[in-house]
4 protein chains.
Amino acid sequence: MSDDKLLDAIIAQTKLTKKQTDKQQKIVETAIKLFAEKGYANTSTSEIAKAAMVAEGTIFRHYGTKDNLLLSVILPFIKDSIPTMAEEVFTEIMSKNVGCFEDFLRALLKNRLHFINENREIFQIVVKELLYNDELRKELLPFFADNILHRITKVINTYKDRGELIDIPSHTIQRMIFTLIGGYFVSRFVLQLDNCDIDEEAEIENLIRFIMDGLRKQ
Amino acid sequence: MSDDKLLDAIIAQTKLTKKQTDKQQKIVETAIKLFAEKGYANTSTSEIAKAAMVAEGTIFRHYGTKDNLLLSVILPFIKDSIPTMAEEVFTEIMSKNVGCFEDFLRALLKNRLHFINENREIFQIVVKELLYNDELRKELLPFFADNILHRITKVINTYKDRGELIDIPSHTIQRMIFTLIGGYFVSRFVLQLDNCDIDEEAEIENLIRFIMDGLRKQ
Amino acid sequence: MSDDKLLDAIIAQTKLTKKQTDKQQKIVETAIKLFAEKGYANTSTSEIAKAAMVAEGTIFRHYGTKDNLLLSVILPFIKDSIPTMAEEVFTEIMSKNVGCFEDFLRALLKNRLHFINENREIFQIVVKELLYNDELRKELLPFFADNILHRITKVINTYKDRGELIDIPSHTIQRMIFTLIGGYFVSRFVLQLDNCDIDEEAEIENLIRFIMDGLRKQ
Amino acid sequence: MSDDKLLDAIIAQTKLTKKQTDKQQKIVETAIKLFAEKGYANTSTSEIAKAAMVAEGTIFRHYGTKDNLLLSVILPFIKDSIPTMAEEVFTEIMSKNVGCFEDFLRALLKNRLHFINENREIFQIVVKELLYNDELRKELLPFFADNILHRITKVINTYKDRGELIDIPSHTIQRMIFTLIGGYFVSRFVLQLDNCDIDEEAEIENLIRFIMDGLRKQ
DNA sequence: GATGAATGAGTATTCATTCAT
DNA sequence: GATGAATGAATACTCATTCAT
């Protein structure tokens, strides 16, 4: 599969979770902030070093290359994105075997909103680089596709079988949901178009209502 | 307003549409191709010069700075995006005074699909830089907001008055439509996730159906 | 053959003999001096730039890489080493069809002494890098072997047929001559062991006498 | 004399030959291998540390500087080169008072061939650095001159007095022998030009015959 | 004695920009 | 208008060396 490299990297990194130095900690934190703010390509290692109050060499002693620093920033996020979503959200909700598709959507949305809210800077980085960085896109997209979309499709099929959803190809449904939710996250956390005073609860319900009333079989 | 600079630039440029030299033509064409492919930050002026078979100095003789070359690439697209959309699409459709919201949506979607399809490279550039380039985002987003969203809101209100749409704040409706359509364009033209063999007609209808059946008051 | 790359480079460079800028001239001259003095690996491009009173960027505008600058320094020397030696020296002397092996040796020695004397700095560079630079050695040595040694062997065979030379494998003879003459040049021009006041004429005659008749008193 | 420093270093080191730690042993071994392979300038201390499976700090704890590590590698070889040659080879052969110059040559050649064969990596290092490293050359060359050449001259004079050698200045003879033998070792152990299947015995005899009687057929 | 984290000066190279021709 | 040589600041990265543990 095309995500071998990424998976390997994730696994390798998980194992490497020795003791992170204070400086390492500081470097990653600073890199996250700057990458999120100005993009990977527009952030120089010397800038990171200065902001992290660390010698530039220290960055390379620990991460070898700037590319690798980006990975070190992104991978834990990816790692947490996928299995969490897959195992915790999906199986949990599904195994309850109760609730309609709307409940599933609500749970999914809230779970992911919470996760991204707590990692908004890394989310910004991932989204930006996904568009800007060919290499990364080629590795991440199939990885996402294989892991998330695949499971969503299964859920959708389940609910379709129960007669809760309209008869559009599952992959089309899934894509529209994904676009809508993803677009919501992007416009909120990356573009930051908001009037700050959003009633989050209400927005979510509107979103769900929008999605549901489009999909519900009548 | 925050778009003064942009508007000024557009106006200035429109006036400047004297005779473009062959070389200028070639430079812009090449820049479009390369910016779309690898992103603005990852494309060097020397690269552009080489690919356009032009001396590097020539680029700067005409455009002064690389930033300005980006603007020269983007602005005509922006210029055409907005007024066209506003004047041609909107007033045209609305003045007909015929058709339901679905028809409006369909017309809008097809019109924009056509436009972006013919300018997909510049669309890629705009989307990528919108996320990556702080300056540009700060200039373009309010410009979009003021020009497009504002008009869509008016249309939505019209249809709401006619009782065709559910009772969600217009700006929320508008945002969800925008996210969905925008997301569709981005995933299709920028991320290029597609199975190439899409039945475009069907996809559009699914999209409209999805949007409508969520929004239609029942 | 293994010298394709080198030959190609030589040919390419010969064609490129456009007009060298003053700065280019200065860069090459300075590089020659510094490489000869301290070796390629121990000379930094910034050093060269400073000594040549040129911006560091200028070096890279013209030569692209430091490696390529080394080649630009070495190749003309190599180019002149080989064909000169082959065509001028060899055929000239041989075609005269007069003279014994000793005369040939004397002509060869004087010709090469003259050549190296006029290019002693580049000779130093070539010798030093031949030992130090794996890549270069792998390209240059077979090139030398194919071009020079091969011809010397032919000459040796000619004289062997005339009964002037002892019956040792030609390639052994050639190697000993080469070692002796080469060693003479290296110790004189690279190691610079000399008492400066050498009677060159006498030294050459001693060398020839040694090669021809050895050390044993008869 | 200019070799004070070197002699002092040798003496100092000889005294220091206490207990070498395992790690020290490993460091020197690894350094020898890597210096021989890629040259001193192209080998980094971190590389050595990694290959020797030692912390980088350990190298500096024992050797202080990289330069000093090079000396620690080279000096024992130098130390063994000189006195061995002087005392064992020379006096031994000479004291026997038997044998002609040819026998002396043969003994010398075989002795040195054996020594270098057993230390070929260090020999490579010494030769390469002798050309590349100004400092080292300035220290080593006079040292060699004072110790080896000086004794060879004495031997040559002895045989000249016996009427075995031609009437060329002793120092010229010595230099030619040295060039020839040195060149043989360099081309064999450093340049490694060989067809691997050399008949060593025969080669040596050819070399001796050449030195003694030259190339001319009689 | 041994470690390895930290350093900062140094390296080759890139790049937007200037300017004389 | 067009060129392309020249620039120098900036970039990612290397490396010998130091030092607290």
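Order of the sequence lines sets the chain letters (A, B, ...), proteins ahead of strands, with each chain counted from 1. Keep in mind that what you see is a predicted model, and the values were worked out from it rather than measured.
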Check your understanding: When the distance from NZ of Lys38(D) to C1' of dC15(F) is rounded to whole Å, what number comes out?
Key -> 13 Å

Point to revise | Short N-O contact, Glu47(B) and Lys38(B), less than 4.0 angstrom | key: yes

**Study point:** Tyr132(C) vs Leu131(D) side-chain heavy atoms within contact, under 4.5 Å
**Key:** no

Check your understanding: Any side-chain N or O of His62(A) under 4.0 Å from OP1/OP2 of dG4(E)?
Key -> no

Check your understanding: Can you tell me if NZ on Lys26(A) sees more than 12 non-hydrogen neighbours from other groups inside 6.0 Å?
Key -> yes

Revision key, fill the gap. Note: Ala51(C) and Thr30(C) closest approach over all heavy atoms is CB-CG2, 3.4 Å

Practice item. Indicate whether any N or O donor in one side chain lies under 3.5 Å from an N or O acceptor in the other, for Glu56(C) and Ser46(C). Key: no

Check your understanding: On the ring face of Tyr40(B), is Lys66(B) found with NZ or CZ under 6.0 Å from the centre and within 45° of the axis?
Key -> yes

Check your understanding: In whole Å, what is the span from the CD atom of Gln20(D) to the C1' atom of dA2(E)?
Key -> 16 Å

**Study point:** Protein proximity profile, nucleotides 7-12 of chain E - base contact B, sugar-phosphate-only contact S, no contact -, cut-off 4.0 Å on heavy atoms
**Key:** BB--SB

Check your understanding: Just how far, in rounded Å, is C1' of dG1(E) from NZ of Lys26(D)?
Key -> 18 Å

Review point. Do side-chain atoms of Asn119(A) reach the backbone of Ile122(A) as a donor and acceptor pair under 3.5 angstrom?
Key: no

Revision key, fill the gap. To the nearest angstrom, the CD1-P distance between Ile48(D) and dC15(F) comes to 11 Å

Study note, to complete from the structure: Per nearest nucleotide of DNA chain E, the residue lying toward the 5' end, Asp22(D) or Thr21(A), is Asp22(D)

Check your understanding: Quick one: does Ile27(D)'s side chain get under 4.5 Å of Tyr63(D)'s, heavy atoms only?
Key -> yes

Revision key, fill the gap. Any stem touching DNA chain E, meaning at least three consecutive Watson-Crick or G-U pairs under 3.5 Å, ordered by first number, would be E:2-21 with F:2-21

Exercise for review: Whole angstrom is fine here: how far is it from CG in Asn42(B) over to P in dT11(F)?
Suggested key: 14 Å

Practice item. Write down the distance between CG (Asp67(B)) and P (dA16(E)), rounded to a whole number of angstrom. Key: 10 Å

Revision key, fill the gap. Tyr63(D) atom OH is separated from dG1(E) atom P, nearest whole Å, by 12 Å

Check your understanding: Is the side chain of Thr58(D) donor-acceptor paired with the backbone N or O of Val54(D) at a distance under 3.5 Å, no angle test?
Key -> no

Practice item. Would you mind reading off the distance between Ile27(D) atom CD1 and dA16(F) atom P, rounded to a whole angstrom? Key: 14 Å

